[in-house]
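A quick write-up on the structure given underneath.
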Number of protein chains: 2
Amino acid sequence: MTASPWLDDEQQQTWRAWLDVNARLFARISRELQATDGLSLQDYDVLVALTDVPDGSVRMRDLGVKLQWEKSRLSKHLTRMAARGLVARRECYDDRRGSFVELTEEGLAAIRAAAPGHAALVREVFFDGLSGEQVRELGRICATVLERLGDEG
Amino acid sequence: MTASPWLDDEQQQTWRAWLDVNARLFARISRELQATDGLSLQDYDVLVALTDVPDGSVRMRDLGVKLQWEKSRLSKHLTRMAARGLVARRECYDDRRGSFVELTEEGLAAIRAAAPGHAALVREVFFDGLSGEQVRELGRICATVLERLGDEG
DNA sequence: CCGAGATGGTTGACACATCATCTTTGTCGA
DNA sequence: TCGACAAAGATGATGTGTCAACCATCTCGG
């Protein structure tokens, strides 16, 4: 903290490239997913999280932890998804404050339809240009930064 | 396209880590900037773009190209920023459809106040954990992906 | 058992992004 | 020069994220 706070040229350049890649990657994938499957990237994340558990049913609270979403964000997004029939809410009898979210038939169909195209796109724009060693290095880099960000985001 | 569209385990893991890093990094930096300087990351980007030019005055159109923002996004954001006194609009006499945006004293003061802390935070959570070689490799990776994304985002 | 505080979830106000559409103005070829 | 088309920017509708406040319920120490 005593030294200059500034980034050197190389860092500056890398940082801008990082931001740029992310913005474009996100925009591209998100637009594609919306156009071909009618899902937002956030819908996709929720559906994936729900298919990750055996019976497709999770407590809101746990879903929030898993996705690292604020509770109000989760609540509102699920309301919208429920209105579209992709998920359903179920009461929680153990803890009457709580509630479960479960995958509907429609939601399952949607994620099944979207997943292959999504994965293919990610490969096409991201992984197909990188060597195995680059992918490993990138994995290490991300792990390092995640560590520095701490357990709380 | 004939092969399986899926990602292998290593790719899967790296992809999730990448998404996670981005979400958290963005959240952290954005929250910090808002809390300490009252600026959103988007405000910051606009102000940086304006300080990049000698007289702190740019055509909307050029600003849009530089930031890669949709024109309506730019228009609305600048309206909000102008209402807060960070920027001002000026007429364009060459092309009467157009308009200029210029940095105000307040805007300049805001970016000057915010920049050091922002840069320090980026270094702290991002670069300080990485070796020079990792930074260079990351730069190459970003460049590759940017290329694959094409000139249009 | 009770009351203070923590927790789960929803809601309202507002910041922000996107899409479609509109107005004004510029451009360029017939 | 005029008329079609493109470009610059603003705007309204809608979807989404954040923050703060809220209600209901749970938990736990006294």
Revision key, fill the gap. Residues passing the side chain to side chain donor-acceptor pair (under 3.5 Å) test with A/Asp52, sequence neighbours excluded, are A/Lys66
Exercise for review: Could you tell me whether B/Ser99 contacts a base, only the sugar-phosphate backbone, or nothing, with contacts defined as non-hydrogen atoms closer than 4.0 Å?
Suggested key: sugar-phosphate
Check your understanding: Taking only side-chain nitrogens and oxygens of A/Arg59, does any of them come within less than 4.0 Å of OP1 or OP2 of C/dG9?
Key -> yes
Review point. Under the side chain to side chain donor-acceptor pair (under 3.5 Å) test, which residues partner B/Arg140, sequence neighbours left out?
Key: B/Glu133, B/Glu137
Revision key, fill the gap. Residues passing the side chain to side chain donor-acceptor pair (under 3.5 Å) test with A/Asp95, sequence neighbours excluded, are A/Arg97
Practice item. Provide, to the nearest angstrom, the distance between the CG atom belonging to B/Leu33 and the P atom belonging to D/dT18. Key: 15 Å
Exercise for review: Evaluate the ring planes of B/Phe127 and A/Trp15, with Trp represented by its six-membered ring, and classify them as parallel (under 30°), tilted (30 to 60°) or perpendicular (over 60°).
Suggested key: perpendicular
Study note, to complete from the structure: Per the under-4.0 Å heavy-atom filter, residues of residues 45-53 of chain B near DNA chain C come out as none
Exercise for review: Identify, with sequence neighbours excluded, every residue that meets side chain to side chain contact (heavy atoms under 4.5 Å, CB included) alongside A/Ala143.
Suggested key: none
**Study point:** Residues that A/Ala115 engages under side chain to side chain contact (heavy atoms under 4.5 Å, CB included), provided they are two or more places apart
**Key:** A/Tyr44, B/Trp6
Review point. Just wondering, do A/Ile141 and B/Val135 contact through their side chains at under 4.5 Å, heavy atoms?
Key: no
Check your understanding: Once you round it to whole Å, what is the distance between C1' of D/dA21 and CD of A/Glu70?
Key -> 14 Å
Exercise for review: Measure the distance from CD on A/Glu91 to P on C/dT10 and round it to the nearest whole Å.
Suggested key: 12 Å
Would you list the protein and nucleotides 15-17 of chain C atom pairs, both N or O, that sit under 3.5 Å from each other?
from, atom 1, to, atom 2, distance (Å)
C/dC16, OP1, B/Ser40, OG, 3.3
C/dC16, OP2, B/Arg80, NE, 3.1
C/dC16, O3', B/Gln42, NE2, 2.9
C/dA17, OP1, B/Gln42, NE2, 3.1
C/dA17, OP1, B/Arg73, NE, 3.3
C/dA17, OP1, B/Arg73, NH2, 2.7
C/dA17, OP2, B/Arg73, NE, 3.4

Exercise for review: With sequence neighbours left out, write down each residue that passes side chain to side chain donor-acceptor pair (under 3.5 Å) with B/Ser57, or none if nothing qualifies.
Suggested key: B/Arg90
Exercise for review: Starting from C1' on D/dG9, measure out to CG on B/Asp62 and report it in whole angstrom.
Suggested key: 13 Å
Check your understanding: Which pairs with one or both residues in residues 68-82 of chain B pass salt bridge (charged side-chain N to carboxylate O under 4.0 Å, His left out), sequence neighbours excluded?
Key -> none
Practice item. Measure from CG on A/Leu78 to P on D/dG17 and round the result to the nearest Å. Key: 11 Å
Practice item. Take nucleotides 21-29 of chain C nucleotide by nucleotide from the 5' end and write B, S or -, depending on whether a protein heavy atom sits under 4.0 Å from the base, only from the sugar-phosphate, or from neither. Key: ---BBS---
Check your understanding: Who passes salt bridge (Lys or Arg N to Asp or Glu O under 4.0 Å) against B/Asp37, sequence neighbours left out?
Key -> none
**Study point:** Pairs satisfying ring-ring contact (aromatic ring centres under 6.0 Å, His included), at least one member in residues 53-88 of chain A, at least two apart
**Key:** A/Trp69-A/His77
Check your understanding: Given C/dA6, is OP1 or OP2 found less than 4.0 Å from the side-chain N or O atoms of A/Arg61?
Key -> no
Review point. In whole angstrom, what separates A/Leu74's CG from C/dT7's P?
Key: 18 Å
